[in-house]
Participant: 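My structure is below; once you've seen it, I'll send some questions.
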Amino acid sequence: MDTNFRKIDIDLYDEDVLLESELYDPDQREPAQVVADAKAKATSVRTSLSKGDITGALVTALESPPYGANVEEAKNLTLQTVVTILNSTKATDIPNVVKSLPPDAQDTLMKYVYKGMGMPGWGDVSGSVLLGWHEKLTEVAGTGCIVRAMTDRRPI
């Protein structure tokens, strides 16, 4: 039986192939710059948390998140920073914090909540904390936030 047909990549011959690089504009920063930015954000977030400014820390952590290829270290550092903020927030403060976030930050936060849920046992990820944030975020931002987080092609 001839099995050579299985070695042919038919996508090379199809002009309608959608490549992942065509789904979103690539991050213009170099990978080293993205990691440096993530480290600077983590330091700024720790400072904000020590002052008790949870909203400021969350806004700082969620602005210009790293996405795309070759920035896994920055992605993990940013996830760890966001999870630290989520874990250090009292359950009674969550609705006020979520309400004070702009809509884009709410969508980004939802992506990080789902990313944290997809990595059980990683770092300080606590399922009950993430579910609490998910509940409050959905109450404030609505189900559209979930849809936008699920359909955004930029992987964080």
Side-chain angles (χ1 to χ4, degrees), residues 17-156:
V17 172
L18 183 63
L19 302 175
E20 187 173 333
S21 61
E22 296 171 343
L23 294 175
Y24 56 87
D25 294 329
D27 196 342
Q28 300 300 321
R29 302 172 291 179
E30 293 293 321
Q33 179 64 37
V34 174
V35 172
D37 289 348
K39 288 179 180 178
K41 275 199 259 184
T43 304
S44 176
V45 163
R46 279 193 296 274
T47 304
S48 295
L49 284 177
S50 66
K51 294 178 183 176
D53 182 17
I54 297 199
T55 303
L58 200 52
V59 168
T60 301
L62 296 175
E63 65 186 0
S64 65
Y67 63 90
N70 303 324
V71 291
E72 292 304 317
E73 182 181 354
K75 288 179 182 181
N76 288 334
L77 183 59
T78 305
L79 175 63
Q80 184 177 4
T81 302
V82 170
V83 167
T84 300
I85 297 167
L86 300 183
N87 284 337
S88 63
T89 307
K90 295 178 193 169
T92 56
D93 295 339
I94 294 174
N96 294 330
V97 171
V98 171
K99 286 176 186 173
S100 64
L101 293 175
D104 288 343
Q106 292 173 347
D107 295 347
T108 304
L109 178 58
M110 185 63 82
K111 286 195 229 178
Y112 279 111
V113 167
Y114 281 130
K115 185 169 184 173
M117 286 180 185
M119 303 174 82
W122 180 88
D124 296 332
V125 174
S126 169
S128 61
V129 171
L130 293 175
L131 285 173
W133 275 91
H134 184 274
E135 176 189 6
K136 300 302 180 192
L137 189 55
T138 305
E139 285 175 7
V140 172
T143 55
C145 182
I146 296 171
V147 173
R148 288 186 295 275
M150 293 287 203
T151 58
D152 192 353
R153 297 293 185 168
R154 295 174 296 171
I156 57 169

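Keep in mind it's a predicted model, so treat the numbers as computed, not measured.
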Participant: What verdict does the side chain to side chain contact (heavy atoms under 4.5 Å, CB included) test give for Leu131 and Met117, after you've listed the backbone C-alpha separation in whole Å, the side-chain angles of each residue and the deciding distance to 0.1 Å?
Facilitator: CA-CA 8 Å; Leu131 285 173; Met117 286 180 185; 3.5 Å; yes
Participant: Report the distance from atom OG1 of Thr60 to atom CZ of Arg46, rounding to the nearest 0.5 Å.
Facilitator: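 CZ of Arg46 is found 12.5 Å from OG1 of Thr60.
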Participant: Does anything in residues 45-79 form a ring pair (Phe, Tyr, Trp, His ring centres under 6.0 Å)? List the pairs, not counting sequence neighbours.
Facilitator: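 Sorted pair list: Tyr24-Tyr67.
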Participant: Does some side-chain heavy atom of Val71 sit less than 4.5 Å from a side-chain heavy atom of Arg29?
Facilitator: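 No; the side chains remain at least 4.5 Å from each other.
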Participant: Can you tell me how far OG1 of Thr89 sits from NZ of Lys136, rounded to the nearest 0.5 angstrom?
Facilitator: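 Nearest 0.5 Å value for the NZ-OG1 distance: 13.5 Å.
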Participant: Measuring from Thr78:OG1 to Tyr112:OH, what's the distance to the nearest 0.5 Å?
Facilitator: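 It is 4.5 Å, given to the nearest 0.5 Å.
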Participant: Under the side chain to side chain contact (heavy atoms under 4.5 Å, CB included) test, which residues partner Ala61, sequence neighbours left out?
Facilitator: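 Counting only residues at least two positions away or on another chain, Ala61 forms a side chain to side chain contact (heavy atoms under 4.5 Å, CB included) with Val45, Thr81, Val82, Ile85.
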Participant: Heavy atoms only: give me the nearest Val113-Leu130 pair and the separation to one decimal.
Facilitator: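 So the minimum-distance heavy-atom pair works out to CG1-O, 3.7 Å.
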Participant: Sequence neighbours left out, what pairs pass side-chain hydrogen bond (donor to acceptor under 3.5 Å, both in side chains) with at least one residue falling in residues 138-156?
Facilitator: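 Passing the test, one end in residues 138-156: Asp107-Arg148, Lys111-Asp152, Asp152-Arg154.
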Participant: How close do Pro65 and Thr108 get, counting heavy atoms only, and between which atoms?
Facilitator: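 Answer, listing the atom of Pro65 first, then Thr108: CG-CG2, 3.9 Å.
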Participant: Go through the structure and list residues passing side chain to side chain contact (heavy atoms under 4.5 Å, CB included) with Val129, not counting sequence neighbours.
Facilitator: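 Val129 satisfies side chain to side chain contact (heavy atoms under 4.5 Å, CB included) with Leu86, Asn87, Ser126, Trp133 once adjacent residues are dropped.
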Participant: Would you compute the distance between atom CG of Asp37 and atom OG of Ser64 and round it to the nearest 0.5 angstrom?
Facilitator: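 The CG atom of Asp37 sits 6.5 Å away from the OG atom of Ser64.
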Participant: I'd like to know if the side chain of Lys39 reaches the main chain of Leu77, judged simply by a donor and an acceptor atom lying under 3.5 Å from each other, with no hydrogens or angles considered.
Facilitator: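 Checking the backbone N and O of Leu77 against the side chain of Lys39, no donor-acceptor pair under 3.5 Å is found.
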Participant: Please evaluate residues His134 and Ile146 with respect to the criterion side chain to side chain contact (heavy atoms under 4.5 Å, CB included), reporting the C-alpha separation (whole Å), side-chain torsions for both, the decisive distance (0.1 Å), and the verdict.
Facilitator: CA-CA 9 Å; His134 184 274; Ile146 296 171; 4.0 Å; yes
Participant: Within this structure, what is the SG-CD distance for the pair Cys145 and Gln106, rounded to the nearest 0.5 Å?
Facilitator: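 These two atoms lie 6.0 Å from each other.
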Participant: Closest heavy-atom contact between Gln80 and Thr84?
Facilitator: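 Smallest interatomic distance, heavy atoms only, reads O-OG1, 2.8 Å.
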Participant: For residues 90-101, which side-chain donor-acceptor pairs fall under 3.5 Å, sequence neighbours excluded?
Facilitator:
{"from": "Ser100", "atom 1": "OG", "to": "Asn96", "atom 2": "O", "distance (Å)": "3.4"}
{"from": "Ser100", "atom 1": "OG", "to": "Val97", "atom 2": "O", "distance (Å)": "2.7"}

Participant: For residues Ala74 and Val34, report the shortest heavy-atom separation together with the two atoms involved.
Facilitator: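 Closest approach of Ala74 to Val34: CB-CG1, 3.5 Å.
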Participant: My understanding is that only residues two or more places apart in sequence, or in another chain, count here; which of them pass salt bridge (charged side-chain N to carboxylate O under 4.0 Å, His left out) with Glu63?
Facilitator: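 So Glu63 forms no salt bridge (charged side-chain N to carboxylate O under 4.0 Å, His left out) with any residue.
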